[in-house]
Amino acid sequence: MTHGNVHDLSDALGVLKDRESVARRLLESSARHSFDPDRELDWDAPFEDGKWFWPPELVSLYDTPLWRRMSERQRMDLARHEAASLASLGIWFEIILMQLLVRHIYDKSVTSAHVRYALTEIADECRHSMMFARFIEKSGVPGYPVSRLHHNLARVLKTVSTTPGSFACTLLGEEILDWMQRLTFPDERVQPLVRGVTRIHVVEEARHVRYAREELRRQMVTAPRWERELTRISSGEAARVLSLAFVNPQVYTNVGLDRREAVAQVRASGHRREVMQTGAKRLTDFLDDIGVLRGAGRRLWRSSGLLA
């Protein structure tokens, strides 16, 4: 690592780009490719019979003994509830992210491109949260808030998190869902509204991921040792919480399944483990390269099931 001139910072991935240059490019992209979901999507169109709300291979129980006993109608109903559960999780993450971004820019120059882009991203996340909420309402199933424990753990995280920890957790919340959505929006088996929602989210989240990755790289070079160590632990704990909160187990009850049996089969499912690890791989490879996956933090990531 190099800690010399601010323009010459480097890590294992190479020389870091100038922060303002990155932000200006992201602002240009935002000007070209931003969406208003209320206008972009046809919210009045009825759902199409025989189409899924989530690709079946990404449904938590896929290829388990319980899945094989379920009727096609019940499988599709579970996919609908899981799509609502993931949308609920997305709103939770985005509200946390917005608060972390506000904290990040609080002491920075309000006229900088870096701050201007952060405000642009916050506006994106506001639209995404409203879009997900409108989708849940349209789907005719309940919202699925995370447990009170995880809700309050996040309250602590967003209050005390340092900057590198904030961006590591941001990437955790964005990249796994992004991988799933990249499989969803081109899938013609899936409801057009779901494909539209995921397409908007994928296009706009690509900028958010770039912003967070560049800033996390910078922070892992410049932050003091204690802060880098805290980032390793906090991101590992966040990975553990995410793996537990990813699908609210109430979905199984609501489609008429035995909740304990369903949860046990998901935990034992080799297919589900592969899906989650594949979805996280691009992120875990990146975090490994920049020195986040070390020591006790790496052990927490392994215990989450997201790191092979």
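Residue numbers run from 1 in the order of the sequence given.
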Next on the checklist: As an exercise, state the distance from CD of Gln181 to CG of Leu58, rounded to the nearest 0.5 Å.
Outcome noted: 10.5 Å
Next on the checklist: Count I, L, V, M, F, W, Y as connected when their side-chain heavy atoms are under 4.5 Å apart, and connections chain through other members. Are Val263 and Val251 then in the same cluster?
Outcome noted: yes
Checklist entry - Roughly how far, to the nearest 0.5 Å, is the CG atom of Leu216 from the OG1 atom of Thr170? => result 9.0 Å
Checklist entry - Looking at Arg210 and Glu214, does any basic side-chain N land under 4.0 Å from a carboxylate oxygen? => result yes
Item to check | Verdict with reasoning, Trp43 to Arg134, per side-chain contact (heavy atoms from CB on, under 4.5 Å) | outcome: CA-CA 9 Å; Trp43 295 97; Arg134 189 170 182 181; 3.4 Å; yes
Checklist entry - How about His81 and Tyr252: does a side-chain donor come under 3.5 Å of a side-chain acceptor? => result no
Next on the checklist: For His208 and Asp178: C-alpha separation, side-chain torsions, deciding distance, then whether side-chain contact (heavy atoms from CB on, under 4.5 Å) applies.
Outcome noted: CA-CA 11 Å; His208 304 175; Asp178 180 73; over 6 Å; no
Item to check | Close side-chain approach of Leu242 and Ile176, heavy atoms under 4.5 Å | outcome: yes
Checklist entry - Under 4.0 Å between a Lys/Arg side-chain N and an Asp/Glu carboxylate O for Arg69 and Glu261? => result yes
Item to check | Parallel, tilted or perpendicular: ring planes of Phe132 versus His201, cut at 30 and 60 degrees | outcome: tilted
Checklist entry - Taking Gln74 for the side chain and Val255 for the main chain, is one N or O donor matched with an acceptor at less than 3.5 Å? => result yes
Checklist entry - Between Arg259 and Gln250, does any side-chain donor sit less than 3.5 Å from a side-chain acceptor? => result yes
Checklist entry - Which of these, Glu175, Glu174, Glu205, sits in a salt bridge (charged side-chain N to carboxylate O under 4.0 Å, His left out) with Arg213? => result Glu175
Next on the checklist: Apply side chain to side chain donor-acceptor pair (under 3.5 Å) to residues Glu125 and His128 and explain how you reach the verdict.
Outcome noted: CA-CA 5 Å; Glu125 300 294 20; His128 294 172; 3.2 Å; yes
Checklist entry - Short question: side chain of Ser304, backbone of Trp301 - any donor-acceptor pair under 3.5 Å? => result yes
Checklist entry - Any Lys/Arg nitrogen of Glu229 or Arg232 sitting under 4.0 Å from an Asp/Glu carboxylate oxygen of the other? => result yes
Checklist entry - Does the side chain of Arg272 reach to within under 4.5 Å of the side chain of Gln265, using non-hydrogen atoms? => result no
Next on the checklist: If you count every heavy atom of other residues, nucleotides or ligands that lies below 6.0 Å from Glu20 atom CD, does the total exceed 12?
Outcome noted: yes
Next on the checklist: Restricting to non-hydrogen atoms, name the atom on Val221 and the atom on Ser10 that form the minimum distance, rounded to 0.1 Å.
Outcome noted: CG2-O, 3.6 Å
Item to check | Main-chain N/O of Glu215 paired to Arg19 side chain as donor or acceptor, under 3.5 Å | outcome: no
Checklist entry - Using 30° and 60° as the class limits, which term best fits the ring planes of Phe167 and His104: parallel, tilted or perpendicular? => result perpendicular
Checklist entry - Does Lys138 NZ have over 12 foreign heavy atoms under 6.0 Å away? => result yes
Item to check | hydrophobic_cluster_shared for Val102 and Leu97, side chain cutoff 4.5 Å | outcome: yes
Next on the checklist: Test your reading of the model: is there a side-chain donor-acceptor pair from Ser85 to the backbone of Asn248, 3.5 Å cut-off?
Outcome noted: yes
Next on the checklist: Restricting to non-hydrogen atoms, name the atom on Pro37 and the atom on Phe35 that form the minimum distance, rounded to 0.1 Å.
Outcome noted: CD-O, 3.4 Å
Checklist entry - Would the number of heavy atoms belonging to other residues, nucleotides or ligands and lying under 6.0 Å from CD of Glu72 be above 12? => result yes
Checklist entry - For the hydrophobic clusters of this structure (ILVMFWY residues joined by side-chain heavy atoms under 4.5 Å, transitively), does one cluster hold both Ile91 and Val202? => result no
Item to check | Over 12 foreign heavy atoms within 6.0 Å of CZ, Arg189 | outcome: yes
Checklist entry - Between Asn254 and Val141, is any pair of side-chain heavy atoms under 4.5 Å apart? => result no
Checklist entry - Are any of the side-chain nitrogens in Arg207 or Glu121 under 4.0 Å away from the carboxylate oxygens of its partner? => result no
Next on the checklist: Does any part of the side chain of Glu57, heavy atoms only, come nearer than 4.5 Å to the side chain of Val275, both counted from C-beta?
Outcome noted: no
Checklist entry - Would you say Arg75's side chain and Trp67's backbone share a donor-acceptor pair under 3.5 angstrom? => result yes
Checklist entry - Given side chains that start at C-beta, do those of Val241 and Leu157 come closer than 4.5 Å, heavy atoms only? => result no
Next on the checklist: Within the structure provided, determine whether Leu27 and Arg116 are in side-chain contact (heavy-atom separation under 4.5 Å).
Outcome noted: yes
Checklist entry - Taking the side chain from Arg217 and the backbone from Gly14, do they hold a donor-acceptor pair closer than 3.5 Å? => result yes
Checklist entry - For the atom pair OG (Ser60) and CG (Leu78), what is the distance rounded to the nearest 0.5 Å? => result 5.5 Å
Next on the checklist: If we ignore hydrogens and angles and just use 3.5 Å, is the side chain of Asp289 paired with the main-chain N or O of Ala12 as donor and acceptor?
Outcome noted: no
Checklist entry - Could you state the interatomic distance from OH (Tyr117) to CD1 (Ile105), rounded to the nearest 0.5 Å? => result 12.5 Å
Item to check | Test item: side-chain donor near acceptor, Glu94 and Ser129, under 3.5 Å | outcome: yes
Next on the checklist: Same cluster or not: Leu183 versus Met276, using hydrophobic residues (I, L, V, M, F, W, Y) connected whenever any side-chain heavy atoms lie under 4.5 Å apart?
Outcome noted: yes
Checklist entry - Do the side chain of Arg182 and the main chain of Leu177 share a donor and acceptor less than 3.5 angstrom apart? => result no
Item to check | Heavy-atom neighbours of Arg73 CZ exceed 12 at 6.0 Å | outcome: no
Next on the checklist: Tell me whether Asp288 is salt-bridged to Arg294, with the criterion being a basic N under 4.0 Å from an acidic carboxylate O.
Outcome noted: no
Checklist entry - Should Leu13 and Phe286 count as side-chain neighbours, where that means a heavy-atom distance under 4.5 Å? => result yes
Item to check | Pair Ser166, Ser161: side-chain N/O donor-acceptor within cut-off below 3.5 Å | outcome: yes
Checklist entry - Does Arg199 pair with Glu40 as a salt bridge, N-O distance under 4.0 Å? => result yes
Checklist entry - Has the side chain of Ser243 got a donor or acceptor atom that lies under 3.5 Å from a matching backbone atom of Arg240? => result yes
Next on the checklist: Do Trp54 and Met180 make a side-chain contact, defined as non-hydrogen atoms from C-beta onward lying under 4.5 Å apart?
Outcome noted: yes
Next on the checklist: Donor-acceptor check, side chain of Ser29 to backbone of Arg25, threshold 3.5 angstrom: yes or no?
Outcome noted: no
Item to check | Closest contact, heavy atoms only, Ser88 versus Ile136 | outcome: OG-CD1, 3.3 Å
